[in-house]
Peer 1: 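The structure follows.
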Amino acid sequence: MYVQTPAGLLVRLIHVIGLISWAPSCRVSFFPAGHRYNLDMAARMGLLYHPVLLASASSSSRALALSRARLPYPPTFHTYRRSASAAASPRLRPCRRLLPARAMSSSETAGNPYAAELAAAKKAVTLAARLCQAVQQDIVYSGVQSKADKSPVTVADYGSQILVSLVLKMEAPGSFSLVAEEDSEELRKDGAEEILENITDLVNETIVDDGSYSIYFSKEGILSAIDDGKSEGGPSGRHWVLDPIDGTKGFLRGDQYAIALALLDEGKIVLGVLACPNLPLSSISNLNGSSSGDQVGALFSATIGCGTEVESLDSSPPQKISVCSIDDPVDASFFESYESAHSMHDLTSSIAKKLGVQAPPVRIDSQAKYGALARGDGAIYLRFPHKGYREKIWDHAAGSIVLTEAGGIVIDASGNDLDFSKGRFLDLDTGIIATNKHLMPSLLKAVQEAIKEQNQAASLL
Ligand SMILES: Nc1ncnc2c1ncn2[C@@H]1O[C@H](COP(=O)(O)O)[C@@H](OP(=O)(O)O)[C@H]1O
Ligand SMILES: [Mg+2]
């Protein structure tokens, strides 16, 4: 048994009317300033524009803009079709709103050669975060995470990727290439029809609820938008790098996750944004992932040479942040993966011991760790996957620039910079470590000693 929400029905009705009344000569005239889109462009993007939807979205945008200040955060959408148990669970009332009008920071104005890309990236991850929040709320309320059914997170993963891709195509200047985690292969298989329909509904409802764009995705458009993320990246040209939901395990638990987007330009990461919907805006130091502050939902952003900023996902003014200045490991704390399958907790514990770190590890999911480190919530991040695991560029691209622009250092356990120019994978066979410039020399020494001891112990077995 499924729930078809009123918004879903509206979108379907509009689709039908739109198909009937679709006029090939219709020009779309109210897209963001500086862009002119017509139906040829829509066809290239795998999208359909509908005159009826255009009209309804533009009038609702004005109404939403007027009422925005009074709306609570976070917004929710009645979204994907849910299982019977999920449908029986309590639901929050949906509220509509436009994306926040963000205050321009110094990084988005004079002197930033990537100012337009930065604004587009922030908008993209903020919209994707809305979709993810709505799905996570349903997962947490319904208890889906305790069952084998992982479809809600799948829907959110794909939905987030589609929305980021859409906003970048609409708003970011230059050619478009996206290296992203998801592709449409599974969705094209027999038996995936329902989930594809759910994604289509969720994405369309999110777009209508937001009101920034007058666009409707067909199912085929959804599949082709997902496959926009198939780029291989590499050392030349510009490529966006996206993890639509980083920290999937945390997402399912109701814990931390991030929407992580970066721009690779001629083999170097030049811009990164991290939307962390569950990360407190105030420091989480010494609180093991939680905070006493009320406001939750942080958006970190960094552009090469311009520093790192944080603002609330609900658009407080951006503030410059920097890593902590601790120079004695005794005062340091360290972040690592919540999941022991993602990083060897026994190895990190021996590194911390060697270094003289007294505090217990702070274990949280996703690149939220990089953001928290960048604002000085902790001093060190240690990540040591088990043998054979290959790191993907989208798991570190945004986080690494957020950290380095805040004054931090990210290297592999051999002391080399991370190289994002080799395609979809990072070319590493050790771990990844990050800290400030004071602690890095002693941290690297402790890491290399601990690895050597681990290897010696393994060779004796
Ligand atoms: N066996 C493994 N070892 C190391 N990392 C892994 C892993 N399996 C998955 N991951 C990666 O670890 C990421 C989460 O990192 P963290 O532990 O810091 O939360 C996952 O991102 P996704 O959740 O996007 O798949 C995934 O890319
Ligand atoms: Mg990831």
Side-chain angles (χ1 to χ4, degrees), residues 125 128-129 131-132 135-136 139 145 150-161 164 178-183 186 226 229 233 240-262 269 272-279 284 288-289 300 334-348 361-374 377-378 380-403 410 412-413 418 420 423-434:
V125 297
L131 178 149
C132 295
V135 177
Q136 195 188 44
I139 291 172
Q145 79 276 20
K150 296 280 198 299
S151 60
V153 72
T154 311
V155 168
D157 257 326
Y158 288 120
S160 169
Q161 182 161 319
V164 170
L178 178 66
V179 183
E181 186 166 14
E182 308 297 340
D183 66 50
E186 291 298 316
I226 293 169
W240 291 98
V241 179
L242 171 69
D243 194 337
I245 295 186
D246 181 39
T248 326
K249 294 256 168 73
F251 182 83
L252 275 167
R253 260 188 268 107
D255 289 342
Q256 296 301 327
Y257 66 99
I259 296 101
L261 177 64
I269 301 294
V273 291
L274 280 179
C276 305
N278 289 342
L279 191 70
I284 57 165
N288 229 12
F300 296 91
F334 74 98
F335 290 111
E336 65 180 345
S337 289
Y338 184 95
E339 299 285 334
S340 56
H342 294 179
S343 184
M344 292 183 271
H345 289 172
D346 50 350
L347 178 61
T348 54
V362 179
R363 292 179 177 151
I364 60 174
D365 303 278
S366 84
Q367 290 171 68
K369 292 187 276 296
Y370 281 110
L373 198 61
D377 293 7
I380 297 167
Y381 172 24
L382 301 174
R383 182 182 179 88
F384 291 91
H386 296 267
K387 230 177 172 43
Y389 182 76
R390 291 182 78 192
E391 293 277 11
K392 328 287 189 315
I393 60 171
W394 51 78
D395 278 321
H396 300 280
S400 66
I401 190 166
V402 162
L403 184 68
V410 191
D412 70 14
L418 306 190
F420 291 93
R424 291 170 75 88
F425 292 94
L426 281 175
D427 205 7
L428 313 167
D429 58 359
T430 53
I432 293 176
I433 60 176

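Bear in mind that the values here come from a model prediction, so they are computed numbers and not experimental data. Numbering of ligands and ligand atoms starts at 1, following listing order.
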Peer 1: Check whether any N or O atom of E181, backbone or side chain, sits under 3.5 Å from an N or O atom of ligand 1, and answer yes or no.
Peer 2: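 Yes; the residue has a nitrogen or oxygen that sits under 3.5 Å from a nitrogen or oxygen of the ligand.
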
Peer 1: Counting N and O atoms only, with roles assigned by atom type, does the side chain of Q136 sit under 3.5 Å from a partner on the main chain of F251, one being a donor and the other an acceptor?
Peer 2: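 Side chain of Q136 to backbone of F251, a donor-acceptor pair under 3.5 Å: yes, one is there.
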
Peer 1: From the N, O or S atoms in D395, identify the one nearest to the Mg ion (ligand 2).
Peer 2: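 Within D395, restricted to N, O or S, the Mg ion (ligand 2) is closest to atom OD1.
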
Peer 1: Hey, is OH on Y381 packed in by over 12 heavy atoms from elsewhere, all under 6.0 Å?
Peer 2: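 For Y381, atom OH is crowded (more than 12 foreign heavy atoms under 6.0 Å).
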
Peer 1: Which protein heavy atom lies closest to atom 1 (N) of ligand 1, and at what distance to 0.1 Å?
Peer 2: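 For this ligand atom, the closest protein heavy atom is A341 O, 3.4 Å.
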
Peer 1: R424 side chain to A180 main-chain N or O, any donor-acceptor pair under 3.5 Å?
Peer 2: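 Yes, the answer is positive, given that a donor and an acceptor are paired below the 3.5 Å cut-off.
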
Peer 1: Who's the nearest protein heavy-atom neighbour of atom 22 (P) of ligand 1, and how far?
Peer 2: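 Its nearest protein heavy-atom neighbour is T248 OG1, 3.4 Å.
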
Peer 1: So, Q256 side chain and I364 main chain: donor-acceptor pair closer than 3.5 Å or not?
Peer 2: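 It does not hold such a pair.
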
Peer 1: Are Y370 and H396 side-chain neighbours, meaning at least one heavy-atom pair lies under 4.5 Å?
Peer 2: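 They are in contact (side-chain heavy atoms under 4.5 Å apart), so the answer is yes.
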
Peer 1: Could you check which N/O/S atom of D246 is closest to the Mg ion (ligand 2)?
Peer 2: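 The closest N, O or S atom of D246 to the Mg ion (ligand 2) is OD1.
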
Peer 1: Could you tell me whether some N/O pair between D395 and ligand 1 is separated by less than 3.5 angstrom?
Peer 2: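 N/O-N/O distance under 3.5 Å: yes.
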
Peer 1: Please state which part of D246 comes within less than 4.0 Å of ligand 1, counting heavy atoms only: side chain, backbone, both or neither.
Peer 2: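 D246 to ligand 1: contacts from backbone and side chain alike.
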
Peer 1: Would P385 count as a polar contact of ligand 1, with the cut-off being nitrogen or oxygen pairs under 3.5 Å?
Peer 2: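 By distance alone, the answer is no.
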
Peer 1: Which protein non-hydrogen atom lies closest to atom 12 (O) of ligand 1, naming both residue and atom, and how far is it?
Peer 2: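 So the nearest neighbour among protein heavy atoms is R383 NH2, 3.1 Å.
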
Peer 1: For L426 and D412, what are the C-alpha separation, side-chain angles and deciding distance, and is it a side chain to side chain contact (heavy atoms under 4.5 Å, CB included)?
Peer 2: CA-CA 10 Å; L426 281 175; D412 70 14; over 6 Å; no

Peer 1: Keeping S160 on the side-chain end and D157 on the backbone end, is there a donor-acceptor pair under 3.5 Å?
Peer 2: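 Judged by distance alone, no pair lies under 3.5 Å.
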
Peer 1: Between S343 and P385 (side chain of the first, backbone of the second, donor and acceptor by atom type, cut-off under 3.5 Å), is there such a pair?
Peer 2: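 Such a contact is absent between S343 side chain and P385 backbone.
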
Peer 1: If the cut-off is 4.0 Å to any non-hydrogen atom of D243, which atoms of ligand 1 fall inside it?
Peer 2: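 Atoms satisfying the 4.0 Å criterion: 24 (O).
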
Peer 1: Is the distance from the Mg ion (ligand 2) to some N, O or S atom of D243 under 2.8 Å?
Peer 2: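 Short answer: yes, at least one N, O or S atom is under the cut-off.
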
Peer 1: Show which atoms of ligand 1 fall inside a sub-4.0 Å distance from at least one heavy-atom site of D365.
Peer 2: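 The atoms of ligand 1 under 4.0 Å from a heavy atom of D365 are 19 (O).
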
Peer 1: Is the closest N or O pair between E339 and ligand 1 shorter than 3.5 Å?
Peer 2: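 Such a contact does not occur with ligand 1.
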
Peer 1: Please check: side-chain N/O of N278 versus main-chain N/O of D255, any donor-acceptor pairing under 3.5 Å?
Peer 2: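 Indeed, once roles are kept as given, a pair shorter than 3.5 Å links the two residues.
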
Peer 1: Should G247 be counted as touching ligand 1, given the test is an N or O pair under 3.5 Å?
Peer 2: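 Yes; at least one N/O pair falls below 3.5 Å.
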
Peer 1: Counting non-hydrogen protein atoms only, what is the nearest one to atom 19 (O) of ligand 1? Give residue, atom name and distance.
Peer 2: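 Of the protein heavy atoms, S366 N, 2.6 Å lies nearest.
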
Peer 1: Of H342, R363, K369, which has the heavy atom at the shortest distance from atom 4 (C) of ligand 1?
Peer 2: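 Comparing heavy atoms across H342, R363, K369, the nearest one to atom 4 (C) of ligand 1 lies in H342.
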
Peer 1: At what distance is the nearest protein heavy atom to atom 10 (N) of ligand 1, and which residue and atom is it?
Peer 2: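 Looking only at protein heavy atoms, the one closest to atom 10 (N) of ligand 1 is Y389 OH, 3.2 Å.
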
Peer 1: Has H342 got a side-chain atom pairing as donor or acceptor with R383's backbone, closer than 3.5 angstrom?
Peer 2: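 Here the side-chain-to-backbone pair does not exist.
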
Peer 1: Do E182 and P244 come close enough that some side-chain heavy atom pair is under 4.5 Å?
Peer 2: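 With C-beta onward as the side chain, the pair touches.
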
